[in-house]
Amino acid sequence: MNHANNPVSAAGTLPLGDLTVNRLGFGAMRITGPDVWGEPKDRAAMRKVLVRAFEFGHNFIDTADSYGPEVSEILIAEALYPYPKQLVIGTKGGLTRPSRHRWDEDGRPEHLRRAVDGSLKRLRLECIDLYQFHAPDPKVPFAESVGTLAELQRAGKIRHLGLSNVSVRELGEARRIVPIVSVQNEYNLQNRASDDVLAACEKAGIAFIPWFPLGAGSALRPAKVKRVAARLGATSAQVAIAWLLARSPVMLPIPGTSSIAHLEENAAAAALKLAPPDLAALD
Ligand SMILES: NC(=O)c1ccc[n+]([C@@H]2O[C@H](COP(=O)([O-])OP(=O)(O)OC[C@H]3O[C@@H](n4cnc5c(N)ncnc54)[C@H](OP(=O)(O)O)[C@@H]3O)[C@@H](O)[C@H]2O)c1
């Protein structure tokens with residue numbers, strides 16, 4: 001693969017346990033059909049997006065068994081297997097998709113064991129570099145779900161464990177059971193409700209992976225974002241990503257797209273530096 005044009009490396013790197021990734025990843029939720037359900041219209045085009053994402057320097061790709069379901073993981077393997085050494089794939093389990101609009105928690109040990117085996121098979125891996133518990137299940141004690149994933153890690157199926165959609169309290173509880181290398185919560189210019197979790201990640205020295213880094217589009221619309229973008233000759237998406245990168249050294253944004261043009265635009269945000277007046281304008 002051609003690394004000559006690798007704009008993402010301008011974002012710098014960050015550790016995920018003993019692995020190192022560029023601090024701007026790729027979110028592979030948008031490569032499925034509409035509503036993250038079923039097949040995309042053009043599978044070959046989505047495989048091309050994945051290959052280009054890696055070529056641009058996105059050596060962290062985020063996915064989940066529930067995207068499609070299964071479609072995103074299968075496409076990643078089709079596009080990128082055998083995987084380049086520098087590529088780190090983070091997947092997730094703990095949500096099921098009984099139908100298009102349902103995302104149901106299932107943190108039962110028997111489900112998580114099946115989910116990890118399913119992801120290993122679809123991704124054609126013997127060990128998953130980063131396995132994230134997608135969301136706590138209110139019907140199952142959190143410690144039981146996390147303990148099951150710790151067991152699967154001891155069995156050699158998972159290299160590093162991450163959490164998603166958790167509170168500071170849940171992060172602390174999980175860390176008392178097993179080492180955690182990342183937390184993935186919703187976070188963007190428009191939604192900073194996880195500021196406390198971000199601070200906890202900074203303190204713990206672990207990655208914070210903001211999902212909806214563009215607010216699924218909503219972070220691109222405020223006038224203040226457009227004004228800063230116009231002043232810098234950048235796009236609103238680039239400003240939203242650059243703001244995240246500037247917000248914390250543990251931040252690992254994973255913008256998602258199904259378009260090569262957007263991929264290219266987002267990758268270029270790695271080099272966009274916001275000066276103090278820009279940051280103040282976005283506050
Ligand atoms: N842990 C969780 O619970 C959770 C929940 C949601 C998402 N995630 C993860 O987070 C990743 C990112 O979230 P996301 O993809 O939902 O939202 P996002 O990155 O905030 O926004 C993606 C949306 O914005 C559009 N977009 C992308 N680049 C753009 C650009 N430069 N200009 C204008 N529009 C642009 C995309 O459409 P186009 O396809 O047309 O570019 C897509 O509709 C996902 O891929 C997934 O891996 C995790």
Side-chain angles (χ1 to χ4, degrees), residues 7-8 24-37 40-42 45-46 48-50 52-53 56 58 60-69 71-73 75-76 88-97 102-105 107 119 130-137 162-167 170 182-194 197 207-222 225-226 229 234-245 251-270 272:
V8 168
L24 184 54
F26 175 71
M29 189 178 87
R30 304 278 172 180
I31 59 170
T32 69
D35 302 320
V36 199
W37 184 255
K41 224 187 294 153
D42 186 344
M46 295 308 101
K48 214 175 274 174
V49 168
L50 288 161
R52 292 301 285 152
F56 284 155
H58 293 292
F60 174 65
I61 296 183
D62 181 76
T63 184
D65 59 359
S66 49
Y67 299 166
V71 174
S72 175
E73 290 184 330
L75 277 170
I76 289 170
V88 173
I89 298 172
T91 192
K92 310 181 208 76
L95 291 179
T96 63
R97 301 291 304 280
R102 277 180 57 188
W103 299 77
D104 293 0
E105 294 95 354
S119 288
L130 175 66
Y131 195 82
Q132 304 157 97
F133 182 34
H134 210 146
D137 181 346
L163 302 171
S164 181
N165 300 303
V166 292
S167 64
E170 288 160 336
S182 63
V183 175
Q184 182 173 149
N185 277 12
E186 181 173 6
Y187 193 81
N188 55 59
L189 264 167
Q190 294 293 91
N191 179 347
R192 306 181 194 184
S194 277
V197 179
F208 181 86
I209 305 175
W211 61 261
F212 276 3
L214 309 177
S218 72
L220 317 185
R221 289 191 280 273
V225 180
K226 290 184 179 161
T235 67
S236 293
Q238 289 170 333
V239 169
I241 294 167
W243 178 83
L244 285 168
L245 290 171
M251 190 76 77
L252 170 53
I254 46 167
T257 182
S258 54
S259 129
I260 300 259
H262 283 163
L263 187 71
E264 194 163 346
E265 179 183 326
N266 298 346
L272 181 65

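As the structure lists them, so they are numbered: ligands from 1, and atoms in each ligand from 1. Throughout, residue positions are numbered sequentially from 1 according to the sequence presented. Side chains included, hydrogens not; waters and symmetry mates left out as well; all remaining heavy atoms used.
- Residues with a heavy atom under 4.0 Å from ligand 1: Gly27, Ala28, Met29, Arg30, Asp62, Tyr67, Lys92, His134, Ser164, Asn165, Gln184, Trp211, Phe212, Pro213, Leu214, Gly215, Ala216, Leu220, Ala237, Ile254, Pro255, Gly256, Thr257, Ser258, His262, Glu265, Asn266.
- Ser167 pairs by the side chain to side chain donor-acceptor pair (under 3.5 Å) definition with Glu170, not counting sequence neighbours.
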Side-chain donor-acceptor contacts of residues 260-270 below 3.5 Å, not counting sequence neighbours, with atom names and distances?
{"from": "Glu265", "atom 1": "OE2", "to": "Thr235", "atom 2": "OG1", "distance (Å)": "2.7"}
{"from": "Asn266", "atom 1": "ND2", "to": "His262", "atom 2": "O", "distance (Å)": "3.3"}

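- In this structure, the side chains of Val166 and Pro136 come closer than 4.5 Å at one or more pairs of heavy atoms.
- In this structure, Tyr67 and Glu73 have side chains that are not in contact, with every pair of non-hydrogen atoms separated by 4.5 Å or more.
- Residues satisfying the side chain to side chain donor-acceptor pair (under 3.5 Å) criterion with Asp62, sequence neighbours excluded, are Lys92, Gln132, Gln184.
- Of the inter-residue distances, the one linking Ser164 atom OG with Asn185 atom CG reads 6.0 Å to the nearest 0.5 angstrom.
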